[in-house]
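Encoded as structure tokens, the structure appears first; notes follow it.
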Amino acid sequence: MPGLNDWLRKSSGDLKLATKAIGDDETLDPAVYLTHQCAEKSLKTFFVFAGKSIPKTHDLGMLLDGCTQCDWEFMVLQNECKFLDLYGFNSRYPNDVFHVNQNDLTEAIDMARKIFDFVK
């Protein structure tokens, strides 16, 4: 069964790859998707740490609720989870109303990094 370091390594890789997309407008959608993946895997890392089973969900709000049941300090990540949750599904397929730019990406990277660092 994967342990803490395995989950952190996957999360860190997502964040690193998203960061490499800064300045590349052709990869904005997959890059912001990776910020969601970083946040999701970071929160799931805490479930491993807490000895809880990992929920089969991609919903950052649900994952955050599970984390706050063990440690209320996770509440400081509410805004980041809500913001990044949009990228978990909107960025995966063509969408007439969903567009991201470089500023969105850098903001998403900062939020994902905050979640990653908090969990780590």
Side-chain angles (χ1 to χ4, degrees):
M1 177 173 214
L4 293 172
N5 290 332
D6 300 311
W7 281 95
L8 287 174
R9 186 173 54 255
K10 290 286 190 178
S11 181
S12 176
D14 290 338
L15 185 60
K16 185 175 184 177
L17 196 53
T19 302
K20 286 185 176 189
I22 293 174
D24 183 357
D25 288 342
E26 291 182 39
T27 60
L28 287 172
D29 287 345
V32 295
Y33 175 72
L34 288 172
T35 63
H36 175 277
Q37 288 296 291
C38 171
E40 179 182 333
K41 292 170 189 164
S42 295
L43 294 174
K44 288 180 176 182
T45 299
F46 184 73
F47 280 83
V48 174
F49 172 78
K52 297 175 70 174
S53 62
I54 299 171
K56 293 185 187 246
T57 185
H58 304 291
D59 185 319
L60 298 181
M62 288 180 67
L63 293 170
L64 185 63
D65 286 345
C67 292
T68 58
Q69 289 175 12
C70 293
D71 184 345
W72 64 270
E73 291 184 31
F74 273 85
M75 292 298 290
V76 300
L77 302 175
Q78 274 186 313
N79 290 336
E80 289 79 8
C81 287
K82 185 175 182 178
F83 181 86
L84 293 175
D85 231 359
L86 297 173
Y87 297 142
F89 56 92
N90 285 326
S91 62
R92 292 172 53 190
Y93 302 102
N95 185 328
D96 290 340
V97 296
F98 179 79
H99 303 283
V100 294
N101 59 39
Q102 288 292 327
N103 289 336
D104 296 326
L105 175 59
T106 56
E107 187 175 12
I109 289 169
D110 289 344
M111 290 184 178
R113 182 174 286 118
K114 180 179 177 180
I115 293 168
F116 176 81
D117 289 343
F118 185 90
V119 171
K120 190 174 176 189

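- Ser42 meets the side chain to side chain donor-acceptor pair (under 3.5 Å) test with Ser11; sequence neighbours excluded.
- In this structure Thr45 satisfies the side chain to side chain donor-acceptor pair (under 3.5 Å) test with no other residue, sequence neighbours excluded.
- Shown here for Tyr87 and Ala108, the closest heavy-atom pair between the two residues is CE1-CB, 3.7 Å.
- Counting non-hydrogen atoms of other residues, nucleotides and ligands closer than 6.0 Å to CG of Asn5 gives a total of 12 or fewer.
- Applying the side chain to side chain contact (heavy atoms under 4.5 Å, CB included) rule to Phe74 yields the partners Leu43, Phe46, Leu64, Cys67, Thr68, Asp71, Leu77, Phe118, Val119; only residues at least two apart in sequence or on another chain are considered.
- In this structure, Phe89 has no ring pair (Phe, Tyr, Trp, His ring centres under 6.0 Å) partners at least two apart in sequence or on a different chain.
- Within the structure, no pair that satisfies the side chain to side chain donor-acceptor pair (under 3.5 Å) test touches residues 103-112, not counting sequence neighbours.
- By the rule that hydrophobic residues join a cluster once side-chain heavy atoms approach within less than 4.5 Å of another member, Leu86 and Ile109 end up as members of separate clusters.
- Lys52 meets the salt bridge (charged side-chain N to carboxylate O under 4.0 Å, His left out) test with no other residue; sequence neighbours excluded.
- Under the salt bridge (charged side-chain N to carboxylate O under 4.0 Å, His left out) criterion, Asp6 pairs with Arg9, sequence neighbours left out.
- Side-chain atoms of Ser53 and Phe47, non-hydrogen and from C-beta on, never get closer than 4.5 Å to each other.
- With a 4.5 Å cut-off between side-chain heavy atoms of Ile, Leu, Val, Met, Phe, Trp and Tyr, the cluster of Leu8 takes in Phe116.
- A single hydrophobic cluster is not seen to contain both Met62 and Val76; linkage of ILVMFWY side chains at heavy-atom distances under 4.5 Å, directly or through other members, places them apart.
- The two residues Cys38 and Asp14 come nearest to each other via the heavy atoms N-OD2, 3.8 Å.
- The side-chain heavy atoms of His36 and Asp85, taken from C-beta on, include a pair separated by under 4.5 Å.
- Legend: residues meeting salt bridge (charged side-chain N to carboxylate O under 4.0 Å, His left out) with Lys10, ordered by chain and number and at least two apart, are absent.
- Leu17 shares a hydrophobic cluster with Leu34; the chain of contacts runs through ILVMFWY side chains whose heavy atoms sit under 4.5 Å apart.
- When the side chain to side chain donor-acceptor pair (under 3.5 Å) test is applied to His58, the partners found at least two apart in sequence or on another chain are Glu40.
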When the side chains of residues 18-29 are checked against the rest of the protein, which donor-acceptor pairs come out under 3.5 Å, sequence neighbours left out?
| from | atom 1 | to | atom 2 | distance (Å) |
| --- | --- | --- | --- | --- |
| Thr19 | OG1 | Leu15 | O | 2.8 |
| Asp24 | OD1 | Glu26 | N | 3.1 |
| Asp24 | OD2 | Thr27 | OG1 | 3.3 |
| Asp25 | OD1 | Gln102 | NE2 | 2.9 |
| Thr27 | OG1 | Asp24 | O | 3.2 |

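- Results of the side-chain contact (heavy atoms from CB on, under 4.5 Å) test with Cys81 over Asp65, Asp59, Leu60, Leu63 single out Leu60 as the only residue that passes.
- Hydrophobic clustering, with ILVMFWY side chains joined whenever heavy atoms are under 4.5 angstrom apart, groups Val100 together with Leu84.
- Using a 4.5 Å heavy-atom cutoff, the side chains of Pro2 and Val48 are not in contact.
- Here the shortest heavy-atom pairing between Trp7 and Lys41 reads CE3-O, 3.8 Å.
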